[in-house]
Structures are given as structure tokens and as C-alpha cells.
Visitor: 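Encoded as C-alpha cells, here's the structure I'll be asking about.
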Amino acid sequence: MFDVIVLGGGAAGFYGAIHIAERNPKLKIAILERGKEVLTKVKVSGGGRCNVAHAEFDPKEISKNYPRGERELVGPFHTYCSGDTMAFFEKRGIQLNIEADGRMFPATNSSQTIIDCFLQETDRLGIKVLKNSSIIGITTLDGNTAKGDYSWAIKTIRNTYQAKKILVATGSNPKIWELLRQMGHTIIAPVPSLFTFNIKDERITGIQGVSTNANIQIIPSKVNNGKFKAALKKYSIQSSDLESEGPLLITHWGMSGPGILRLSAWGARILNELNYNFSIKINWLPAYHEEGLLRQLQQIKEIEGRKTILRTKAFDLPKRLWGSLVKAAQISDTDKWADISKIQLQNLAKQLTGSTFRVDGKSTFKEEFVTAGGVDLKEINFKTYESKIHPGLYFAGEVINVDAITGGFNFQNAWTGAYIAAQAIAKP
Ligand SMILES: Cc1cc2nc3c(=O)[nH]c(=O)nc-3n(C[C@H](O)[C@H](O)[C@H](O)COP(=O)(O)OP(=O)(O)OC[C@H]3O[C@@H](n4cnc5c(N)ncnc54)[C@H](O)[C@@H]3O)c2cc1C
């Protein structure tokens with residue numbers, strides 16, 4: 001028998017258990033973890049470096065990085081945000097370094113530092129960590145709560161435990177979602193988020209490794225315009241949500257990089273509905289639109305007439321990409337500016353500001369991937385992270401329908417939810 005049982009020994013589960021114990025050291029707390037190891041996702045996170053958080057300290061601004069949860073998280077971030085995460089780790093002797101793009105990593109650049117910290121803390125605070133304890137049943141013992149008796153029974157493959165309050169932090173686990181569904185919660189169907197786009201196209205063949213800043217827009221493919229529009233409406237997505245500007249990386253399989261990953265997160269539901277068959281329109285020179293660029297190209301043609309187009313460094317673009325787009329505009333390797341026709345110049349302006357690529361499928365982004373979906377946010381009180389359906393049942397982390405773009409925001413969701421739930425759980 002425990003006062004509190006935390007379901008799931010991952011990021012949110014550990015953070016929650018530690019804060020419950022800190023707030024109320026008298027409570028008897030257990031973490032139940034199905035695996036033989038805990039914190040396995042933390043271990044592999046951020047390519048083994050663990051991107052713990054992001055240096056965005058404004059609650060409204062940080063919430064804009066959550067395609068699901070943007071509105072609901074503003075309040076919680078006012079209570080607990082990235083600065084608090086930094087303070088938590090600093091208090092425990094772990095310095096977090098901020099990189100140029102805002103991502104925060106432990107100074108050791110090793111996720112093991114975070115794991116060691118959590119394990120030391122659970123040890124110090126007397127929290128029981130029960131591994132190999134796969135949860136197969138969650139039952140309320142409602143009738144006895146008035147007498148102050150234990151009100152939850154948690155069945156694992158080995159034992160049944162009882163607790164007054166439970167914190168569900170089982171991440172994207174379908175079995176737990178099914179149990180919660182049977183208990184009356186609505187589960188938004190899970191779909192992948194944070195993935196890269198598979199593209200086979202001559203323009204990017206042989207130039208993998210090229211990276212540049214671009215404006216990328218998801219558009220329907222020639223055949224699924226109707227389905228695309230219907231999906232936008234169904235999920236109340238604005239077409240502006242499906243446009244992003246940021247670094248784009250050309251890979252062996254297609255395209256990746258923060259600009260693409262951002263779109264994969266915002267488009268997670270609609271792209272799933274389209275079976276990952278859609279198109280993207282890329283402006284490789286986001287400072288220009290097509291007409292303005294055409295005027296600029298005409299000026300270059302007048303001034304640099306005797307120069308070979310391929311060799312001209314006209315714009316801040318990687319050389320190999322420039323070569324590829326020049327070729328796609330039907331301009332040969334030896335053509336000089338003075339030689340090319342108006343049509344070729346127009347083609348080049350089009351390629352540079354609005355190349356269209358067909359996407360056919362997705363690949364996993366190995367540094368970080370998450371699932372969109374989970375417990376419907378309408379059924380959670382975001383002041384306490386308590387279920388609106390079952391008193392005494394709290395949530396934290398990826399189990400709820402919140403997910404973010406890459407950059408440390410997914411962990412911040414786990415830390416914030418776990419902290420707030422812990423304060424409510426530990427309250428006498
Ligand atoms: C490869 C990879 C890299 C990532 N890198 C980053 C990063 O650098 N920065 C970032 O912000 N986010 C990152 N993420 C996302 C981040 O890891 C998750 O958002 C975060 O771990 C969610 O925490 P959680 O506690 O909700 O779930 P989890 O960390 O998944 O923990 C859930 C725990 O519950 C346990 N569990 C599940 N079902 C049961 C059951 N039935 N019984 C008992 N236990 C159960 C699981 O075994 C697990 O230990 C990454 C994800 C991946 C996959």
C-alpha cells in the first residue's frame with residue numbers, strides 16, 4: 001500500500017515522484033515501471049546528449065511550439081517553465097548549457113547525468129522504484145474514499161498495489177490508453193509526429209548534406225486537393241500552420257532539418273490522413289518573391305552577361321543546390337547570363353522561389369520522435385493536471401494529447417505537468 005503510485009518510470013514519472021516527495025516527505029511513494037530499466041527514453045534522447053529544455057522563458061511564446069496543447073499550456077507555463085527546470089538541475093549540481101539555437105543540454109553532454117540525478121534523488125527521498133512491473137489494470141475503489149481508505153488498485157503482472165492517489169505517466173503506451181478509455185476517458189488516436197519527408201527528385205539527388213534556410217509550405221498533391229481541404233477543415237488547421245521557415249537539410253532519402261520537422265509536427269494529423277502523400281513548395285530565397293527575384297535576375301543578366309551562370313555566386317545559396325536549380329531551369333553548365341532566354345530566366349526565378357516537390361512517405365527522425373494523441377485535454381484540469389472524470393487520478397507527460405516540435409519542448413511538457421501534478425498530489 002502506498003500513498004501515491006506513479007505509473008511509468010520515465011521523464012514525467014521520475015520528475016513527478018521527486019517533487020511529490022520533496023513537497024511532502026511523509027508520503028509513501030512508488031514508481032511502477034514495466035521495463036527492466038527506467039528512463040530509457042531519457043537515455044537515448046537528443047542523440048544521447050538529452051536536450052533537457054529550451055531557453056524560451058515566456059509562457060506565451062514557449063507554448064507556440066506545441067501543435068497540440070498550445071492553448072492549454074500557457075497557464076501551466078506561468079507556474080513552471082524552462083527557468084524552473086534550469087533551477088531544479090542547477091540546485092542538484094547540474095549545469096545546463098544553452099546552444100545558439102536555444103536548446104539546453106547538460107554541460108557533460110551526456111543523458112546519463114540526468115538519469116544519475118533522478119536515481120540519486122529517488123534514493124535520497126526514499127521513493128520505491130519497482131521495475132519489471134507492467135501495469136495491466138487500474139481500478140477505483142471509490143466506495144472507501146470517505147473513510148480515508150485507499151482508493152485505487154493498480155494491478156501489475158506480479159502484484160496488486162493500492163494507493164490514495166495515482167499519477168499516470170506512461171507516455172505513449174497503447175495498453176494504458178485502452179485502460180483509460182475503458183475508465184471513461186477519451187483518447188485522441190495516436191499518430192506519429194516529428195518525422196522527415198521522403199522525396200525522390202532529380203534536383204536533390206547527389207546533393208545530400210546540403211543545408212540552407214528556406215521557406216517551406218505543405219500543399220496538396222495533384223490528386224488529393226479535395227481530401228487535403230477536407231482534412232484542414234476537420235482538424236481546424238489554418239494553411240498558415242502548414243508553412244515554416246527554417247534550416248532545411250537534404251538527405252539521402254529526402255528532406256529533414258528543423259524547418260521540415262516543424263511542419264511534420266504541425267501537419268501530423270492531416271499528413272497521416274493523406275497517407276503521407278502530399279507536396280511541398282520551397283522558396284530557397286525567402287527574402288524574395290518570384291517577381292522581385294525575376295527583376296534581380298534580369299539586372300544580373302545585364303551586368304554579368306559574360307559570366308557563366310553556374311559559376312556566379314549571385315545569392316547566398318549552397319553551390320551544389322544552386323547548380324541543381326540552374327539545371328532544373330533548363331540552363332546548361334556552360335550557359336552565360338547573356339545567352340539565356342526570358343523563359344529560362346523565368347524558370348530559374350520559379351525554381352528558386354517556388355520549387356514543388358512530391359513527398360511520398362516519411363522516415364523516423366532518430367534524434368527525437370514523439371506521438372501526437374492521448375488523453376483528451378478537455379478532460380484534464382490544467383491547474384492540477386487532475387482528471388476531470390476521476391478525482392485522485394493525475395496525468396503528466398506524453399500520455400496526454402500534447403506534443404511539441406523538436407528542441408527540448410517535449411521534455412518541458414513532462415517537467416511542467418509533473419511538477420504541477422506533484423504539488424496538487426502532495427497537498428495535505
Ligand atoms: C529517440 C528519442 C529522442 C528524444 N529526444 C528528446 C530530446 O532531446 N528532447 C525532448 O524534449 N524530447 C525528446 N524526446 C521526446 C521525449 O523523450 C518524450 O517526450 C518524453 O520522454 C516523454 O516523457 P514521459 O515520461 O511522458 O514518457 P516516457 O519517457 O516514454 O516514459 C513512460 C514510461 O512508462 C513506462 N510504461 C509504459 N507503459 C507501461 C505499463 N503498462 N506499465 C508500466 N510502465 C509502463 C515506459 O516503459 C516508460 O519508462 C525524444 C524521444 C525519442 C523517442
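Count residues from 1 along the sequence. Counting convention: from 1, in listed order, for ligands and their atoms alike. Scope of the values below: all heavy atoms of this structure, side chains included, with no hydrogens, waters or symmetry mates.
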Visitor: What atoms in ligand 1 come closer than 4.0 Å to a heavy atom of S134?
Guide: 42 (N)

Visitor: Any N or O of S172 that comes nearer than 3.5 Å to an N or O of ligand 1?
Guide: no

Visitor: Look at K378 together with E72 and state whether they make a salt bridge at an N to O cut-off of under 4.0 Å.
Guide: no

Visitor: Among W253, F365, F278, find the one that has a ring-ring contact (aromatic ring centres under 6.0 Å, His included) with F197.
Guide: F278

Visitor: Checking side chain to side chain donor-acceptor pair (under 3.5 Å) between D3 and each of K164, K28, K26, which is the one that passes?
Guide: K164

Visitor: Which ligand 1 atoms does G397 reach within 4.0 Å, using its non-hydrogen atoms?
Guide: 26 (O)

Visitor: Looking at ligand 1, is there an atom of it that comes within less than 4.0 Å of some heavy atom belonging to G35?
Guide: no

Visitor: Can I176 be said to touch ligand 1, with heavy atoms closer than 4.0 Å?
Guide: yes

Visitor: Considering heavy atoms of the protein only, find what lies nearest to atom 15 (C) of ligand 1 and give residue, atom and distance to 0.1 Å.
Guide: V370 CG1, 3.6 Å

Visitor: Return the orientation label for the Y419 and Y80 ring planes: parallel under 30°, perpendicular over 60°, tilted otherwise.
Guide: parallel

Visitor: Give the atoms of ligand 1, by number and element, whose distance to some non-hydrogen atom of G9 is under 4.0 Å.
Guide: 33 (C), 34 (O), 49 (O)

Visitor: For the 3.5 Å polar cut-off, considering only N or O atoms, please tell me whether T40 and ligand 1 meet it.
Guide: no

Visitor: Would you mind listing which atoms of ligand 1 come within a distance below 4.0 Å of any non-hydrogen atom of S45?
Guide: 3 (C), 4 (C), 5 (N), 6 (C), 7 (C), 8 (O)

Visitor: Considering heavy atoms of the protein only, find what lies nearest to atom 42 (N) of ligand 1 and give residue, atom and distance to 0.1 Å.
Guide: I135 N, 2.9 Å

Visitor: On the 0 to 90° scale, with breaks at 30° and 60°, tag the Y66-F77 ring pair as parallel, tilted or perpendicular.
Guide: tilted

Visitor: Does K366 come within less than 4.0 Å of ligand 1, judged by its heavy atoms?
Guide: yes

Visitor: Does any N or O atom in A11 lie less than 3.5 angstrom from one in ligand 1, N or O only?
Guide: yes

Visitor: Tell me which protein heavy atom sits closest to atom 10 (C) of ligand 1, plus the residue, atom name and distance to 0.1 Å.
Guide: F411 CD1, 3.2 Å

Visitor: Is the closest heavy-atom distance from K175 to ligand 1 below 4.0 Å?
Guide: no

Visitor: With atoms numbered from 1 as shown, which atoms in ligand 1 lie under 4.0 angstrom from a non-hydrogen atom of N51?
Guide: 7 (C), 8 (O), 9 (N), 10 (C), 11 (O)

Visitor: Can you tell me how the ring of Y385 sits relative to the ring of F382, calling it parallel under 30°, perpendicular over 60° and tilted otherwise?
Guide: perpendicular

Visitor: When you measure from atom 31 (O) of ligand 1 to every protein heavy atom, which one gives the shortest distance, and what is it?
Guide: G10 CA, 3.3 Å

Visitor: For ligand 1, find out whether one of its N or O atoms is nearer than 3.5 Å to an N or O atom of A12.
Guide: yes

Visitor: Looking at atom 22 (C) of ligand 1, what's its closest protein heavy atom, distance included?
Guide: E398 OE1, 3.6 Å

Visitor: Where's the contact between R49 and ligand 1, heavy-atom distance under 4.0 Å: side chain, backbone, both or neither?
Guide: neither

Visitor: Could you tell me the residue and atom name of the protein heavy atom closest to atom 48 (C) of ligand 1, and the distance to it rounded to 0.1 Å?
Guide: E33 OE1, 3.4 Å

Visitor: As an exercise, identify every atom of ligand 1 less than 4.0 angstrom from a heavy atom of S133.
Guide: 42 (N), 43 (C)

Visitor: Report the member of A169, A414, S111 with the shortest heavy-atom distance to atom 32 (C) of ligand 1.
Guide: A169

Visitor: Do any nitrogen or oxygen atoms of N173 come within less than 3.5 Å of a nitrogen or oxygen of ligand 1?
Guide: yes

Visitor: May I ask you to decide if R269's main-chain N or O and N272's side chain share a donor-acceptor pair within less than 3.5 Å?
Guide: no

Visitor: Would you call K234 and E273 a salt bridge, taking side-chain N to carboxylate O under 4.0 Å as the test?
Guide: yes

Visitor: For atom 53 (C) of ligand 1, what is the closest protein heavy atom, and at what distance to 0.1 Å?
Guide: F369 O, 3.4 Å

Visitor: Ion pair present between E22 and R124, side-chain N to carboxylate O less than 4.0 angstrom?
Guide: yes

Visitor: Would you call the rings of Y15 and W415 parallel, tilted or perpendicular, where under 30° means parallel and over 60° means perpendicular?
Guide: tilted

Visitor: Please state which option from C50, G408, G46 has its nearest heavy atom closest to atom 8 (O) of ligand 1.
Guide: G46

Visitor: Counting N and O atoms only, with roles assigned by atom type, does the side chain of R320 sit under 3.5 Å from a partner on the main chain of Q208, one being a donor and the other an acceptor?
Guide: yes

Visitor: Search all heavy atoms of Y276 against all heavy atoms of P192 and return the closest pair with its distance.
Guide: OH-CD, 3.5 Å

Visitor: Could you tell me whether the side chain of S264 and the main chain of F195 form a donor-acceptor pair under 3.5 Å?
Guide: yes

Visitor: For ligand 1, which part of T406 has a heavy atom less than 4.0 Å away: the side chain, the backbone, both, or neither?
Guide: neither

Visitor: Give me the nearest non-hydrogen protein atom to atom 44 (N) of ligand 1 as residue plus atom name, then the distance to 0.1 Å.
Guide: R34 N, 3.0 Å

Visitor: Would a distance-only check, ignoring hydrogens and angles, find a side-chain to backbone donor-acceptor pair under 3.5 Å from D116 to T113?
Guide: no

Visitor: Taking the side chain from R92 and the backbone from F88, do they hold a donor-acceptor pair closer than 3.5 Å?
Guide: yes

Visitor: Taking the side chain from T364 and the backbone from K366, do they hold a donor-acceptor pair closer than 3.5 Å?
Guide: no

